Amino acid sequence: MELESESEMLETYMERLSEIQDGEKYKQCLQCGTCGGSCPYGIVTKFTPRKMILAVRANIIDELLESGAQWLCTSCYSCSFRCPSQIPLTDGIIPAARELSLLEGNPPEELARALMNTARYGNPFKESPKKRDRWVKEVDFEIKTLADGPADVLFIPECFGAYHRRCKEVTKAMAEIFNRLGTDFAILGRDEKCIGDSNRLSGEFGLFEELVEKNIKAMEKNPFSRIVTIDAHAFHSLRSEYPRFGFSKPVLHHSEFLAENLETLKEMFSELEYIVTYHDSCYVGRRNGIYDAPRDVIRAIPGVEFVEMKRIKENALCCGGGGGGVWLDSFIKEFMKERPAEERVREAANTGADILVTSCILDIPMFEDALKMTGLEGQIVVKDICELVLEAIR
Amino acid sequence: MSERKVGVYICTGCGIDLLDIEKLVEIATDYPVSLCRTDSFLCENANIVKEDIKKENLDAAVIAACSPRVKTGEFSFDVPVERVNLREQVVWSHPAGEMQSLAEDYLKMGISKAQKLEREEGEVNKIDRTILIVGGGITGITAAVEAAEAGYEVILVEKEPYLGGRVARMNKYFPKQCPPACGLEINYRRIKNSDRIKVYTSAEVEKVSGAPGDFDVTVRLNPTFVLDRCTACGDCVDACPHERPDGFNYGLGKTKAIYLPGASSFPFRYTVDAEYCKKDEGCAACVEACRYAAIDLGMGAKVVNMKAGSVIVATGWKPYDASKIKNLGFERYPDVITNVMMERLASPDGPTGGRIVRPSDGKEVRKIAFVQCAGSRDENHLPYCSAVCCLASLKQASYVKEQYPDAEIYIFYIDVRTPAKYEEFYRKALSQGFNLIRGKVAEITDIAKSTEEEEKLIVRVEDTLLGKVRRIPVDMVVLAVGMVPNNEFNLDYRQGGIPQDKFGFFSSNFICFPYETQRTGIYSAGCVRQPMDVASSVEDASGAVLKSIQCLNLTEQGMAVHPRSGDFSYPDFFLQRCTQCKRCTEECPFSALEEDEKGTPILNPTRCRRCGTCFGACPERIISFKNYTIDMISSMIREISVPEEEEMRVLAFFCENDAYPALDMAGLNHLEYSSSVRIIPVRCLGSVNVVWIADALSRGIDGILLAGCKSGEDYQCHFIKGSELANRRMENVRETLDRLMLEPERVKLIELEISDYKKIPEILNDFVEELEKIGPNPYKGF
């Protein structure tokens, strides 16, 4: 679909904005530039969020779309978090522009493919939905699915956790922790579809809603009391977006679940001689204010020396994987020599840590790739928090 | 009640003679009135009323003429007067054919009210004419000397051991770049020369209770451990082995546990910081060193009770806690400081003797960043502008320029706010060659990306004019943090402390009633009222002094303060019938009512603003004013003619502050509106008692309209929440109507501004039309 004119574009844009909570607040923009200064791509983009608002005000959205600036957003939430007028930049200004880009039919190819796959297969990898629970066969205990009966915890591995070769290790680690703790847990298995937060943030609002409906339906098959997920973006979406569609169960990030069971885990811990630093993943930290749970867990492991990076908590630098960024590697390289993930692993290595602990599944491929690019491979290892915990209780 | 002698006077001027005057006279004389006269120019000939009052011993007069809002002097007599508005609200606003019955109703209503009017008598109160001033900063000091020099006794309480507050800790004032010590010195001299001012430093007001003219004040005198005989020789300091962080210097540097709290110590003597002194461990090094036996480490706190007639709260502000602004690196990096710390760094009596150097290593400052709106104008921190930071940073930038003429100075701003005459200061500052960059700083780190950035703090900002994100390495960063009001104040009233605005400042309505705190006799001034600079604080102090003097004088005479200034009436409670429902004590906008253990209201007449909110709230109708009672209005309602069948009859309560004047304006502009409406002015919609509505509806009146001021966050109600309360009460009324099978639409509340008078015909006519659609009140004729 081609939008006929600029005014039609503006109208579509405004309509979307009006559906987003506080979307109208863009009118209160002070043009202070906090967003631009906070953006990991602020230095290279032609349109910082501030300028995007200017482009909307001046009705030159086409210039914005042509620049590609809307696709640089990693949805890291720094701009929105710091915006003195609390304008929904990550949830509104940017995805609404992306939506126009999609309607115009010219999103970056890699991302377009991922979105299309998600629409067709329920995952961005073009993998068969039937293979979504294949990882279960790689553990040596039984894992039930919700369709078979009720459970206390519904465990959501989400697409990366279900299919990605490296990320599956995290899923299995978490499953094993559940098993060791004796948690009554189940998965949706083949019924699980992409939770969809990246689709929403990529401007695919329609697809997101479809995914939400399918997942909610799958969750209704049997009762469970709460969700635990290893995917920070799924965590956020289930906790903050799904309730708009009638979903109302408590949702825990796995770091919260680990912290909750810390007393039991402590009895199981054996010593690990590591120097560990922790990366506050955007959707765990900045977006949802979970700073202490992962730190408490890491610090509780005997033998571990915990060190902090320079930018922590609210100020942590994004890995660059969110908001579709994980699909936009070559697109982003056109803009920037050193990607945020590379800057971040350098910062982590500077602490002297041997392990960079993360809590968002996207961090793993992003940082492991960055380690290769920076030559830091071998000096520091990337692990999800549950992998570290599992190692300590093995 | 014994028969009261009422005289009725009907003016026939200004077009009132379009009415059938003879008929009106006939109606008036149907009542047991003493006399009824007509005059074609009554305001000019008001003497006839005066003479009658004397000759006939009248108890009250009814003036049926123009609006009560005009000719007030002419028609003010030694007896209560009821004005019947035949001009603006009858002949000027209705066609000839419709005005007679309206005029007749109004006349009857006026007479019936006048028969019950009693003279309001102010009781002379014995009051304490002392003004308590809380806070010894620039505002408090100014207030103290101004009040004392106007002849009032003053108690000045300051929690620090010195006077001058934040100002005493500044290097220079803008715009003249003069040292504050100069202005303070004059004020200290005025204080010392006045025998009316009692100063208590190292003292805190623990509690205020009572009422205007009669406040009880509890002051806690904190021990300084140093006696008056201290000569400030300083030997104790040399002897003292313990240190404390220097609070006066905002933590930059240290002093001994015994120290001189700055040049403006008041009285000029040393003081001991009990938190850091090791006296409890037996250390008495200072006592041994003191040649004058001026140190008493056994000194304890003392609590003293005092009396005051009015209070000025000038508790000032504190800088916003910069560590809450996580992205700007305060506390993480020692060379990120705040603007108040910068004042100390630059002050000759500061921690570096006035040399501006990096706190981390004492090195010179070659490149410096001033970060404006550090937390201000930010919904995540302080949503408001603190008014002084732009000027302060420009001033501080010139401190740096003075010491380091080659220094590179960056000022990062959203908007530079230097209003009015300060524009000149801005221009002068600019001419010194500062780099002003328009952009709010996003991040401060020490993560170097180039050799130029090494060992520096890097300011990351979007230069919004250039349209580029920049990284600017500097030696030091000054955060322009805003003002947070010191808003703790223990007022021992039924409704608790002093109400705050949404930002935490003590101000209820800053355009109409500055200094007003919603607690009669307690005024706020300076930065606890709103952020302001020194010049404005000085003005504020004088304004608040004027208000507190006004309050004392009015209170002494038994009169209300604004907005009903001069009103002698006050509510009288017939307590035998009180059911202790606590509505009045809960709803009084000024917390004028206390409660006994059972919940019976206790009126503090001098706190009362006479709005009648209590009277509107009372379900037992036991509250009345001499000139405003439930019964008076009820009898007026009983006088309203209720036509049978077809014609609608509407009773409208109009707030006399805005809505009633708007109605007059409509008349003045000869705008015509429905003659089915009968207007009764009320003090405030908060004073409308639901019994009137029940009365009216049970008499067959078809609809009730209430017109008052705007409610909500930007309320315009002179008594804060009158329309809001009326709205809430009407919700209940509508529920009752529903039960009585009466349409809830029969009761309507509208908000009307004085300038809305052009809308009046539409509003009234539409309401009558709505009622016509609903149909007549089924209780008609019962």
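Values reported hereafter were calculated over all heavy atoms of this structure, with side chains retained and with hydrogens, waters and symmetry mates removed. Fair warning: this is a prediction, and the values are worked out from it, not measured in the lab. A, B, ... follow the sequence lines: proteins, then strands. Residue 1 opens every chain.
The candidate with the highest count of non-hydrogen atom pairs below 4.5 Å against chain B, out of A/C32, A/G36, A/G33, is A/C32. Contact count against chain A (heavy-atom pairs under 4.5 Å) is highest for B/I447 among B/V441, B/I447, B/V461.
A distance-only check finds no donor-acceptor pair linking the side chain of B/E724 to the backbone of B/G712 [under 3.5 Å]. Side-chain atoms of B/R358 come within 3.5 Å of backbone atoms of B/D475 as a donor-acceptor pair (strictly under, hydrogens ignored). Looking at B/E408, its side chain never comes within 3.5 Å of a backbone N or O of B/R366 through a donor-acceptor pair.
Atom CZ of B/F174 is separated from atom OG of B/S398 by 11.5 Å, given to the nearest 0.5 angstrom.
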Pairs table: donor-acceptor atoms between chain B and chain A closer than 3.5 Å:
{"unit_1": "B/K326", "atom_1": "O", "unit_2": "A/N315", "atom_2": "ND2", "d": "2.9"}
{"unit_1": "B/R332", "atom_1": "NH1", "unit_2": "A/K310", "atom_2": "O", "d": "2.8"}
{"unit_1": "B/E379", "atom_1": "N", "unit_2": "A/P84", "atom_2": "O", "d": "2.8"}
{"unit_1": "B/E379", "atom_1": "OE1", "unit_2": "A/K25", "atom_2": "NZ", "d": "2.6"}
{"unit_1": "B/E379", "atom_1": "OE2", "unit_2": "A/K25", "atom_2": "NZ", "d": "3.1"}
{"unit_1": "B/N380", "atom_1": "OD1", "unit_2": "A/Q86", "atom_2": "NE2", "d": "2.9"}
{"unit_1": "B/N380", "atom_1": "ND2", "unit_2": "A/C83", "atom_2": "O", "d": "3.0"}
{"unit_1": "B/R438", "atom_1": "NH1", "unit_2": "A/Q31", "atom_2": "O", "d": "2.4"}
{"unit_1": "B/R438", "atom_1": "NH2", "unit_2": "A/L30", "atom_2": "O", "d": "3.0"}
{"unit_1": "B/R438", "atom_1": "NH2", "unit_2": "A/Q31", "atom_2": "O", "d": "3.3"}
{"unit_1": "B/K440", "atom_1": "N", "unit_2": "A/C32", "atom_2": "O", "d": "2.6"}
{"unit_1": "B/A442", "atom_1": "O", "unit_2": "A/R82", "atom_2": "NH1", "d": "3.1"}
{"unit_1": "B/E443", "atom_1": "OE2", "unit_2": "A/R82", "atom_2": "NH1", "d": "3.2"}
{"unit_1": "B/E443", "atom_1": "OE2", "unit_2": "A/R82", "atom_2": "NH2", "d": "3.0"}
{"unit_1": "B/D446", "atom_1": "OD1", "unit_2": "A/K310", "atom_2": "NZ", "d": "3.0"}
{"unit_1": "B/D446", "atom_1": "OD2", "unit_2": "A/K310", "atom_2": "NZ", "d": "3.2"}
{"unit_1": "B/K449", "atom_1": "NZ", "unit_2": "A/E343", "atom_2": "OE1", "d": "3.0"}
{"unit_1": "B/K449", "atom_1": "NZ", "unit_2": "A/E343", "atom_2": "OE2", "d": "3.4"}
{"unit_1": "B/R460", "atom_1": "NE", "unit_2": "A/G37", "atom_2": "O", "d": "2.6"}
{"unit_1": "B/R460", "atom_1": "NH2", "unit_2": "A/C39", "atom_2": "O", "d": "2.5"}
{"unit_1": "B/E462", "atom_1": "OE1", "unit_2": "A/G36", "atom_2": "N", "d": "3.3"}
{"unit_1": "B/E462", "atom_1": "OE1", "unit_2": "A/T48", "atom_2": "OG1", "d": "3.3"}
{"unit_1": "B/E462", "atom_1": "OE2", "unit_2": "A/T48", "atom_2": "OG1", "d": "2.7"}
{"unit_1": "B/E462", "atom_1": "OE2", "unit_2": "A/R50", "atom_2": "NE", "d": "2.9"}
{"unit_1": "B/E462", "atom_1": "OE2", "unit_2": "A/R50", "atom_2": "NH2", "d": "3.0"}
{"unit_1": "B/T464", "atom_1": "O", "unit_2": "A/R50", "atom_2": "NH2", "d": "3.4"}

Using side chain to side chain contact (heavy atoms under 4.5 Å, CB included), reason through A/L65 and A/M9 one step at a time and then give a plain yes or no.
CA-CA 11 Å; A/L65 298 186; A/M9 241 188 235; 4.0 Å; yes
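Looking at B/I411 and B/I437, their side chains never come closer than 4.5 Å, going by heavy atoms from C-beta outward.
Looking at A/F81, the atoms closer than 4.5 Å to chain B (heavy atoms on both sides) all sit in the backbone: N, CA, C or O. In this structure, no portion of A/C79 lies under 4.5 Å from any heavy atom of chain B.
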Donor-acceptor contacts under 3.5 Å from residues 421-436 of chain B side chains, at least two apart:
{"unit_1": "B/Y422", "atom_1": "OH", "unit_2": "B/D533", "atom_2": "OD2", "d": "2.6"}
{"unit_1": "B/S431", "atom_1": "OG", "unit_2": "B/K428", "atom_2": "O", "d": "2.5"}
{"unit_1": "B/N435", "atom_1": "ND2", "unit_2": "B/I409", "atom_2": "O", "d": "3.3"}

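Looking only at atom types and distance, the side chain of B/E343 has no donor-acceptor partner in the side chain of B/Y250 under 3.5 Å away.
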